[in-house]
Structure formats: C-alpha cells, structure tokens
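In the text below, chain A, chain B and the rest are named by the order of the sequence lines, each starting its count at 1.
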Number of protein chains: 4
Amino acid sequence: MGEGDIPGSVDPGRGRGRPPSARTEEAILRATVELLGERGIAGLTVEEVASRARVGKASVYRRWPSKGVLAFDAFMASFVERQPLPDTGTLRGDLLAALRGWVRTVRDPVTGRTLRGMVAEAQRDAELAAAWRQRFLEPVRARTSQLVTRAVERGELPRRVDAEVVLDLCYGPLYFRLLQTTERPLDGRFATVIVDTVMAAVEAGVLGGGRS
Amino acid sequence: MGEGDIPGSVDPGRGRGRPPSARTEEAILRATVELLGERGIAGLTVEEVASRARVGKASVYRRWPSKGVLAFDAFMASFVERQPLPDTGTLRGDLLAALRGWVRTVRDPVTGRTLRGMVAEAQRDAELAAAWRQRFLEPVRARTSQLVTRAVERGELPRRVDAEVVLDLCYGPLYFRLLQTTERPLDGRFATVIVDTVMAAVEAGVLGGGRS
Amino acid sequence: MGEGDIPGSVDPGRGRGRPPSARTEEAILRATVELLGERGIAGLTVEEVASRARVGKASVYRRWPSKGVLAFDAFMASFVERQPLPDTGTLRGDLLAALRGWVRTVRDPVTGRTLRGMVAEAQRDAELAAAWRQRFLEPVRARTSQLVTRAVERGELPRRVDAEVVLDLCYGPLYFRLLQTTERPLDGRFATVIVDTVMAAVEAGVLGGGRS
Amino acid sequence: MGEGDIPGSVDPGRGRGRPPSARTEEAILRATVELLGERGIAGLTVEEVASRARVGKASVYRRWPSKGVLAFDAFMASFVERQPLPDTGTLRGDLLAALRGWVRTVRDPVTGRTLRGMVAEAQRDAELAAAWRQRFLEPVRARTSQLVTRAVERGELPRRVDAEVVLDLCYGPLYFRLLQTTERPLDGRFATVIVDTVMAAVEAGVLGGGRS
DNA sequence: TCGTAACCGAGACGGTACGTCTGGTCTTTTT
DNA sequence: AAAAAGACCAGACGTACCGTCTCGGTTACGA
C-alpha cells in the first residue's frame with residue numbers, strides 16, 4: 001500500500017516486521033476528531049471511526065486500548081496547546097490568565113461537550129482514567145506548581161503552600177459548573193470570583209503557613 | 001396476583017384500569033440498589049434489573065425512561081437522607097458539618113462509585129441530567145441558600161451574597177477530587193481547607209459587598 | 001356503559017351480574033373484519049382489535065379462545081353464505097357450479113388472502129384447527145355428500161362411492177394453487193379441468209365399485 | 001478461532017475480509033433441524049437456534065433473512081433427497097412411486113408437521129414464499145415434467161398435455177389431507193386412488209388432446 | 001534473495017443489551 | 001357479574017457494537 005513509517009513513535013524498536021503506518025494513525029485521529037464533533041464521545045463507536053478512516057478495526061485496537069483513550073488522544077493535542085503557561089508577574093495575574101483561558105476554550109460547544117464526556121467516560125474506562133491522570137492532570141498539576149513556585153520565589157506565598165490544593169480550589173468550581181449545571185454561567189466573572197477567593201485565602205494564610 | 005396500589009403516587013388521578021403496583025415498583029428499586037452495589041451504574045442493565053425483580057422489562061420502561069433515571073431514583077432515597085441540614089449557629093460550623101457529612105457519605109465505596117457514575121451518566125442521558133438538576137442539585141442549592149440566609153440574618157454575611165457561588169466553591173473541589181483523582185485524599189482535612197478558604201473570602205468581602 | 005343484553009345468546013342463564021353485551025360482540029367482530037382486510041390474519045393482534053372496538057382485551061378473551069377462532073368467526077359468516085348449494089340436475093353441473101363459485105369468491109383478494117391465512121393459522125392454533133374442521137370442513141363435506149347422494153339416486157354414480165374422496169379430489173387442487181403458487185391461474189378453466197378429471201374417474205369406475 | 005471456509009459456496013468471489021465459516025453454517029442448520037423436531041416451526045426461535053448452535057444471533061441473520069427461510073434450508077436437504085425420481089417404464093408406475101414415496105416421507109410425524117408448518121409459514125413470510133416456489137415447487141415441477149415427457153415419448157400421453165395440471169391434480173389432494181384433516185387417512189391407498197383418477201382422465205383425453 | 005514477522009483493510013465471529021411488541025392474565029372502577 | 005381500561009410477567013424480535021479472529025496481501029528487516 002506504500003506507506004511510510006512513523007518517525008517518533010512509541011515503540012522505536014528495531015522491529016522485524018512491517019512498521020505501523022503513519023498515514024493509518026493520522027486517518028484514525030482525523031476521523032475521531034470529526035466524529036467527536038458530530039456525535040460526542042458517547043455516540044462515538046470504534047466501528048464508525050474505522051469505517052470513516054477506511055481502516056480495519058484491528059488497526060485501531062492495535063494502537064489504542066479503548067475508545068476512551070483514542071478520544072483522549074484526539075482531543076488532547078488541540079486542547080493542551082490552547083492552554084499556554086501564563087507569566088504575568090503576579091500570582092493573581094497568572095491564575096486569572098490560566099482560568100480565563102480555560103473558560104474561553106471550554107465555551108466552544110464542541111470542546112466543552114468533549115471535555116465533559118471525557119471526564120464522564122473516565123469513570124467507566126480504567127485505561128482512560130489512567131491516561132487522564134498521567135497525561136492530563138499531571139501536566140496541569142506541574143504547570144500549576146510552576147506558577148506557585150514562582151509566587152513563592154516572589155514572596156507572594158509561604159513556602160509550604162500545597163499547590164495541589166490550589167489546583168483543586170481553582171479548577172474544582174469550574175468543572176462543577178461545566179459538568180453539573182447549564183443554567184449558571186461559566187464565564188470570566190466566575191473565574192475572577194474563584195481567583196479572588198483563592199487570593200483571599202492566601203492572604204489569610206489558609207493555604208500554607210502563616211502570612212507570607 | 002394480589003398487589004396493592006401506590007399510596008402517595010405522582011398521578012393521584014382516579015385512573016381507570018389497573019393501577020400500577022407498588023410491589024412491582026419496590027421490587028425494581030430493590031433490585032436496582034443491589035445491582036448498583038454489585039456492578040456499578042455502568043454495568044447495570046435493565047434486563048438484569050427486570051429479571052432479578054421478577055418483573056417484565058416493560059414494567060421498568062413504563063416507569064423510567066432510562067436506566068440513568070432509574071439508578072437515580074434508587075440512589076437518591078438513601079443518599080439525601082444521609083445529608084441532614086446542619087444548624088450549628090455559625091456559618092463556618094454549618095459549612096463544615098455539611099461538607100464533612102458529604103465526605104463521610106461518599107467515602108463509602110459503593111456510594112462514592114455510584115455518585116461518580118451518576119455524574120458521568122448524566123453526561124450521556126439527557127433525562128437523567130434533567131432529573132439530576134431538578135431533583136438533586138436544586139434541593140442542595142435550596143439547603144445551601146438556607147445556611148446562607150441564616151448567616152445573613154446573623155450578620156455574618158453581606159445581604160447580597162450569591163449563595164450559588166458559595167455552593168460551587170464548596171462542592172466544586174470535592175467533586176473534582178471525587179471524579180478526577182484517586183491519589184489525593186478526600187477527607188475531613190480537605191473539607192476544612194475548603195471551608196476556611198470560603199470563610200477567608202467572606203471576610204475579605206469577595207463573595208458579596210464589603211464586610212457586612 | 002348502558003348496553004342491552006343479547007336476546008338469543010348461548011348462556012340464556014338468568015345471570016346474576018351484568019349480562020354480556022351484544023354491542024360488544026358486534027363491535028369486536030366488526031373491528032376484526034376490518035383488520036383482516038387491512039393487515040391479514042398474520043398481522044392481526046388482539047390488542048388492536050380490542051382498541052379499535054373500544055373494548056377491553058379481556059372481553060375478547062372471554063368470548064374467543066384465540067385470535068384464530070375470532071378471525072374464523074369474523075370470516076365464516078360472509079364466506080359460507082357466498083357458497084350456495086347447487087342443484088343443476090347433473091353431477092357434472094353441480095360440481096362445476098360449486099367449484100366455480102368457490103373460485104369466484106376466492107379471487108377477491110381479501111377473501112383469498114384470509115382463506116390462505118386461515119389454513120395457515122390452523123397449523124399453529126389447535127383451537128382454530130378444531131373449529132375449522134367442525135364448523136367449516138364438516139359442513140362442506142355434508143354438502144358434497146348431498147350432491148353425491150343425489151347423483152347416486154339419479155344413477156350417475158355407484159352406490160359405494162366415497163364422497164370424501166370426491167371432495168379431496170375437487171378441492172385439493174384448488175387449495176394447492178391457492179396456497180402454493182401465484183403464477184398459475186386459479187380460474188374457471190382450472191375448475192373445469194378438475195371436474196372433467198373427476199367425471200372421467202367416475203366413468204372409469206375408479207371412485208366406487210364398477211360402472212354404475 | 002480455527003474455522004475452515006465454505007467449499008462450494010454461492011459467492012465464490014475472491015472476497016475481501018474474513019470469509020463465512022462453514023462450521024458456523026453447519027452448526028446453525030444442525031441446531032435448526034433439532035429444534036424443528038422438538039418444537040415445530042411455530043415454536044422455533046432464532047434466539048434458541050443461535051444459543052444451541054453456540055453462535056451469535058447476527059451470524060444467523062447474516063445468512064438467512066427470516067426464520068422461515070432458515071427452517072426451509074434445514075428441512076429441504078433431508079426432504080428432497082428422500083424423493084428420488086422414479087423410472088418404472090410406465091406413467092402409472094412413475095406416478096404411483098412418486099406419490100407413495102411422498103406419503104411415506106410425510107407419514108413421519110416430524111417431517112409431516114414440518115412440511116405443514118412450512119406451507120403455513122410461507123403465508124406470512126414473503127421471503128420463505130419466494131424460496132418455497134423457486135427452490136421447492138420448481139424442482140418438483142421439473143421432475144414431474146420429466147415423467148410426463150417420458151410418457152409422451154412412449155406414446156402414453158398426447159403431446160400437448162399440461163404437466164402442471166398433472167402436478168396439481170396429484171399433489172393437491174395429498175396436501176389437502178395433510179393440511180386440513182387429521183381424520184382421513186393419508187396412505188398408499190389414497191395415493192392409488194389419485195393416480196387412478198389421473199390415469200382415467202388421461203385415458204379420456206381430458207388432460208391433453210384426444211388419445212395419443 | 002529469500003523467509004518471516006508485523007502490518008494492512010475487510011469483514012465474519014460469539015456475545016450481550018437494547019427498546020419494542022405481543023400474548024394471555026389479573027386487578028381496578030364503573031355500570 | 002360483566003364491562004372498559006390498562007398494568008402485569010414473560011420472552012422473542014431484529015439491530016447495534018463490542019473486542020477478537022481470520023483472510024489474502026504488503027512491506028521491510030535480517031539471515
């Protein structure tokens with residue numbers, strides 16, 4: 001069929017047999033992105049992905065252990081690159097930029113629906129749950145850590161502050177509204193209230209030791 | 001078959017024809033509770049519910065539009081009654097009691113898994129999503145409103161505080177940990193940090209006007 | 001609902017409770033005739049009969065043991081009355097009249113389809129099979145016997161002729177074409193061939209003793 | 001799963017994809033034959049066939065459009081091979097052999113019941129009706145044609161005789177008794193009467209021109 | 001240069017659950 | 001006690017996907 005091999009793939013192994021085709025992988029991801037937009041993750045079926053990508057089902061299962069992880073891969077590339085690490089010089093500025101960026105990304109209907117579906121699907125797909133934690137939450141946590149570390153260095157925060165709690169306090173309310181309500185607005189104002197709340201807690205020394 | 005009618009049902013209507021049997025409804029709910037414990041909501045099937053309840057599938061579909069709503073009904077009764085409305089005399093005490101009660105309930109493995117599954121299922125089942133908002137979130141919101149109202153009356157909070165934001169700030173982080181991580185603890189300490197954060201924001205006047 | 005009782009019904013009994021309603025029975029039969037025309041006997045359901053007759057299902061089952069027998073009753077009245085007993089003065093004339101009359105009746109699409117369906121349904125419904133034999137075949141047999149008896153009296157047939165064999169030889173080929181083919185014509189010419197065949201057998205003394 | 005392909009199948013096509021498995025087809029037919037014997041065609045369900053054959057339901061529906069056609073296929077193989085084409089040297093001998101062979105086969109209770117059910121089912125299943133005409137009646141017609149042709153060549157019959165009428169006259173009465181009565185015998189004597197009747201008609205020139 | 005290992009698209013495989021439908025029965029209120 | 005209404009249990013229907021397994025064939029490595 002005349003296909004090239006994947007340049008920087010998972011198993012770099014000096015394999016014996018025919019190497020996996022990059023074109024197959026791309027076709028699958030492209031079809032998945034399209035179908036996520038059309039049907040959402042719940043309506044996604046491996047069968048339809050394969051047929052739209054003009055690919056055998058086995059070629060999908062050879063690469064991804066479940067439709068959840070496949071959807072995750074298709075979704076992440078575009079999602080993460082839309083969340084640049086802010087560096088505004090103040091903790092408040094950084095948090096505001098991060099949360100408002102998230103809100104802006106998620107207000108796109110397809111993105112919002114897919115993110116909701118991803119969290120949901122992770123409750124029933126252990127493979128996806130693992131990928132979610134290692135390849136999504138962990139990076140987010142690392143980035144938040146960086147913001148916090150910079151703030152500590154600037155003397156805005158006490159040394160012993162728990163970056164993970166900051167993360168939960170910031171993103172928790174956002175995901176809560178994303179997942180559980182349609183009535184209450186998920187907008188920049190809400191993001192601001194969250195940041196103000198966290199900053200007030202910081203000021204009060206709730207999240208670390210005493211007042212910085 | 002010797003079945004009684006439903007005492008305080010929805011449609012009281014002096015209906016014609018054989019009324020729905022209370023014993024059928026009870027058997028279905030009992031079977032659903034059992035199976036939720038054994039398999040979780042994702043592994044729940046209407047087929048098995050019906051067969052374990054010794055009931056026709058049609059009798060299930062006659063009452064519930066989807067397995068999500070069925071699971072919701074089976075779950076709610078026991079969940080809500082384990083969340084009594086606290087009245088400790090201070091806002092901080094009320095919030096602490098509410099959140100710690102939630103944490104305690106949710107640390108039961110079956111309850112936690114079911115609650116997670118319910119939020120997830122609501123992303124794919126519109127009927128469940130509607131029931132969730134009207135029959136779960138709305139009562140929770142009303143209860144939180146009451147706490148806030150009492151606090152306003154006591155002068156702990158400014159009059160214009162948004163009770164819904166308080167709710168999101170309190171429960172958001174809890175659900176975030178419940179749904180997204182297994183590593184970080186979902187315990188009383190975490191609940192306390194949340195409440196302290198919200199109280200700091202209250203003190204700082206972030207959630208309403210200035211200090212009351 | 002304010003209905004009169006049946007004047008000359010089966011159970012004349014000075015009943016205790018509410019007497020069976022003639023209007024109910026008529027409505028059921030009328031609905032059945034309509035639905036036989038619209039859907040055929042295979043597509044007939046007691047549910048739809050009851051709902052169209054604005055009658056409870058139990059009222060149908062109280063009177064008829066199965067949908068087959070119900071259809072039979074609805075069908076027979078009109079079918080039998082269209083098969084008058086011929087008396088032309090010769091056996092050949094009588095047989096020709098009978099077979100041609102049957103053909104004419106059966107060429108009506110609804111009647112033909114229903115008759116086919118009735119024979120078919122009798123293979124799976126024992127109650128209908130019994131009714132069919134006792135209330136349809138037996139009368140037909142008796143009528144044929146009469147034709148044969150008259151022919152014997154006229155000296156056209158030997159005394160020992162078996163009327164049932166005559167019946168099978170005449171109607172067998174007709175039902176065969178009705179049930180098994182759509183290509184070959186079921187018409188007066190075919191009826192004539194059958195009669196000529198039977199008459200030839202009579203002449204040859206095949207159906208009785210020697211030549212009368 | 002280790003299955004062979006079908007040796008002499010319909011579509012020999014250089015198919016793509018996994019070819020249908022012969023062992024699956026055999027298992028389905030074997031299960032169908034068993035269940036036809038145990039329950040009859042009316043009691044046959046695709047569900048039970050599949051489960052007894054240890055086969056997915058889809059594998060049944062992939063091959064057969066309805067349970068009628070499936071039953072037909074399961075029935076035909078054994079039925080047709082028990083109806084060898086007679087060649088006794090005379091038309092009377094051939095017809096006698098054919099009809100008596102049919103009677104003998106049909107007197108087996110399972111075979112008789114299945115044949116009855118098949119004719120009945122064909123009234124409600126258009127796919128089966130088509131298969132029945134093309135793959136059962138047509139071969140029978142062709143065989144009868146052959147008997148008649150040989151008789152014509154021997155000068156026993158006029159050239160213009162209609163083989164289809166002969167077929168209807170012979171098999172019509174047999175099917176009539178098979179389907180409509182249980183009281184009158186379906187035996188060799190009845191077969192003989194039928195053949196004698198047809199032969200008398202032949203002698204009398206009823207079925208063709210004058211005597212050849 | 002050849003064999004073999006891993007890939008490819010296609011599609012059948014054994015399963016399972018879906019939500020609907022019908023059968024024949026049972027229970028309620030009304031007449 | 002029979003009426004209309006409609007819920008009851010039971011279980012088959014035909015469809016849709018699941019994740020696996022052939023099939024015939026291609027591609028690239030290593031012997």
Requested in this report: Mark yes or no for whether D:S59, through its side chain, and D:V55, through its backbone, hold a donor-acceptor pair below 3.5 Å.
Outcome: no

Query raised in the report: Between B:D125 (CG) and E:dC18 (P), how many Å, whole number?
Result: 12 Å

Query - Side chain of A:R23 (C-beta onward), nearest among E:dG9, E:dG14, F:dG25 - result: E:dG9

**Report entry** Atom pair distance, as rounded to whole Å: CD in C:E25 and C1' in F:dA2
**Finding:** 14 Å

Query raised in the report: Okay, side chain of A:R113, backbone of A:L36: is any donor-acceptor separation there less than 3.5 Å?
Result: yes

Query raised in the report: A:S59 side chain N/O closer than 4.0 Å to the phosphate oxygens (OP1, OP2) of E:dC8?
Result: yes

Just the atom pairs and distances: protein N or O near nucleotides 22-24 of chain E's N or O, under 3.5 Å.
residue, atom, partner, partner atom, Å
E:dG23, OP2, C:V46, N, 3.3
E:dG24, OP2, C:Y61, OH, 3.3
E:dG24, N7, C:K57, NZ, 3.1
E:dG24, O6, C:K57, NZ, 2.8

Report summary line: Whole-Å distance, A:L70 CG to F:dG19 C1', equals 14 Å

Query raised in the report: When you check the gap from the basic side-chain N to the acidic O, do B:E38 and B:R52 get nearer than 4.0 Å?
Result: yes

Report task. Kindly say whether A:I41 contributes a backbone atom to a donor-acceptor pair with the side chain of A:K67 at under 3.5 angstrom? Result -> yes

**Report entry** Donor-acceptor contact present, side-chain D:R124 to main-chain C:G43, <3.5 Å
**Finding:** no

Report summary line: DNA chain E nearest-nucleotide lookup for A:V55 and D:A53: closer to the 5′ end is A:V55

Report task. Send over the distance from A:R63 CZ to F:dG19 P, rounded to a whole Å. Result -> 17 Å

Query raised in the report: Hey, does the side chain of C:Q123 reach the backbone of C:V119 with a donor-acceptor pair shorter than 3.5 angstrom?
Result: yes

Query raised in the report: Over how many whole Å does the gap from A:E121 atom CD to F:dC17 atom C1' extend?
Result: 13 Å

Query raised in the report: Looking across every strand, which nucleic acid part, if any, lies under 4.0 Å from B:R62 by heavy atom: base, sugar-phosphate, or nothing?
Result: base

Report task. May I ask you to evaluate whether C:T24 reaches the phosphate of F:dA2, defined as a side-chain N or O under 4.0 Å from OP1 or OP2? Result -> no

Report task. Can you tell me the distance, in whole Å, between the CZ atom of B:R18 and the P atom of E:dT30? Result -> 17 Å

Query raised in the report: Tell me: CD1 of B:I28 to P of F:dA7, nearest whole Å?
Result: 13 Å

Query raised in the report: Between A:R135 and A:D73, does at least one N-O distance fall below 4.0 Å, as a salt bridge requires?
Result: yes

Report task. Please state how far atom CD in B:E48 lies from atom C1' in F:dG11, giving the value in whole angstrom units. Result -> 17 Å

